[in-house]
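Let me begin by presenting the structure, written as structure tokens, before commenting on it.
Remember, it's a predicted structure, so these values are computed and weren't measured experimentally. Each chain gets a letter, A, B and so on, in the order the sequences are listed, and its residues count up from 1.
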2 protein chains.
Amino acid sequence: MKDEIEYSDEACNVHHRAIQDTMDILSGKWKLRIVGSLSLNKKRFMELKAHINGIAAKMLSKELQDLEMNGLVKRTVIETKPITVEYELTAYGHSLKPIIDQMVIWGIQHRKRLKD
Amino acid sequence: MKDEIEYSDEACNVHHRAIQDTMDILSGKWKLRIVGSLSLNKKRFMELKAHINGIAAKMLSKELQDLEMNGLVKRTVIETKPITVEYELTAYGHSLKPIIDQMVIWGIQHRKRLKD
DNA sequence: CTGTATCCTGTAAGATACTG
DNA sequence: CAGTATCTTACAGGATACAG
């Protein structure tokens, strides 16, 4: 369609679109924090809320729904006296680990770098 | 300070803070796209604008300033007839590559997965 | 060409109160 | 305990016009 193209245009689009797709799934202030928290172990709603500093119930609820809809998180209702709900990462959710790991690595060395 | 703690609390805080730090640096809709684009090669302002589908000049300008302030991007003014400005990743900016790579990988396989 | 200056809007996200 | 319902606000981000 165009005349002057640098690189493989198709490859470039795929690249861009992939970044965009990933960012869409992980959009918002809390999703990565939630996934990061659940990657350690399954947690109940209030445990998550306590573990993720500063999140409001409404936000946690909404973000969990998003994550569940995208197949990253599994929600299990347990019929205890007052009901309990457990959230855990699906296998697919765990596949985000490499991304999170890289962000942790980068964030740690970035903070170290700033102290110079 | 607390009584019941699972895991190393300190390690957990570091983990969370690192994710947060990284997200702060890369916050917003465009930064990762910009870094991704510049990771291929240096570009002028209008080239970037053309390459990154849909970004407005104001946004591009602002995001580039943020990235420059954080030492990820280097801005070079070239005294041509109408001046030109080149943007390129610094070594530090290139250190984000592992994160971007992982997001590209994940995004691509995610899109493939959705086609099932 | 490389931006900045305005103006405007939608939406993310916080606070608070309430329900099963 | 695990949320939902409202209300409110701040700010990211878009459109447009203009400047050096």
Of A:E63 and A:P82, the one whose closest DNA chain C nucleotide lies more 5':
A:E63
Just how far, in rounded Å, is P of C:dA13 from CZ of A:R33?
12 Å
Test salt bridge (charged side-chain N to carboxylate O under 4.0 Å, His left out) on A:E86 and A:K42; report intermediate values, then the result.
CA-CA 7 Å; A:E86 267 181 6; A:K42 60 172 68 171; 3.5 Å; yes
Less than 4.5 Å apart, any side-chain heavy atom of B:W106 and any of A:I25?
yes
Quick one: salt bridge (charged side-chain N to carboxylate O under 4.0 Å, His left out) partners of B:K62, sequence neighbours excluded?
B:D66
Can you measure B:F45 atom CZ to D:dG20 atom C1' for me and round it to whole angstrom units?
14 Å
Assert: residue with more 5' nearest nucleotide on DNA chain C, out of A:S27 and B:S61, is B:S61
State, yes or no, whether a side-chain contact exists between A:E68 and A:L64 at a heavy-atom distance under 4.5 Å.
no
Choose from C:dG3, C:dC1, D:dG3 the nucleotide whose nearest atom is closest to any side-chain atom of B:M46.
C:dC1
Ignoring backbone atoms, test whether B:R75 places a side-chain nitrogen or oxygen under 4.0 Å from the OP1 or OP2 oxygen of C:dG3.
yes
Taking atom C1' of C:dG3 as reference, at what distance in whole Å does atom CD1 of B:I55 sit?
13 Å
Polar atoms only, N or O, under 3.5 Å: list the protein pairs with nucleotides 6-10 of chain D and their distances.
none

Rounding to an integer number of Å, can you tell me how far A:E47 CD sits from D:dG3 P?
13 Å
Identify which one of B:K58, B:R33, B:K29, B:K31 satisfies the side chain to side chain donor-acceptor pair (under 3.5 Å) criterion when paired with B:E63.
B:K31
Starting at NZ of A:K62 and ending at C1' of C:dA15, how long is that distance when rounded to a whole Å?
17 Å
Donor-acceptor pair, distance only, cut-off 3.5 Å: does the side chain of B:Q20 make one with the backbone of B:R17?
no
Write down the distance between CG (A:L60) and P (C:dA15), rounded to a whole number of angstrom.
15 Å
Starting at CE of B:M59 and ending at P of D:dC11, how long is that distance when rounded to a whole Å?
14 Å
I want to check one thing: is the phosphate of C:dC1, taken as OP1 and OP2, less than 4.0 Å away from some side-chain N or O of B:Y87?
no
Does D:dG14 have OP1 or OP2 sitting under 4.0 Å from an N or O in the side chain of B:K29?
yes
Kindly say if B:R44 contacts the phosphate of C:dG3, meaning a side-chain N or O under 4.0 Å from OP1 or OP2.
no
Does A:Q65 place a side-chain N or O at less than 4.0 Å from the phosphate oxygens OP1/OP2 of D:dG3?
no
Does the ring of B:Y92 carry A:R113 above it, NZ/CZ under 6.0 angstrom from centre and within 45° of its axis?
yes
Length of the line joining A:I34:CD1 and C:dA12:C1', which is rounded to integer Å:
14 Å
Examine distances only and state if a side-chain atom of B:K49 and a backbone atom of B:A56 form a donor-acceptor pair shorter than 3.5 Å.
no
Of all the nucleotides listed (C:dG14, D:dA2, C:dG3), which has the minimum atom distance to the side chain of A:W30?
C:dG14
Nucleotide nearest B:T84 (side chain, heavy atoms from C-beta), chosen from D:dG3, C:dC1, D:dG14:
C:dC1
Touch class at under 4.0 angstrom, heavy-atom based, for A:E86 against every strand present:
nothing
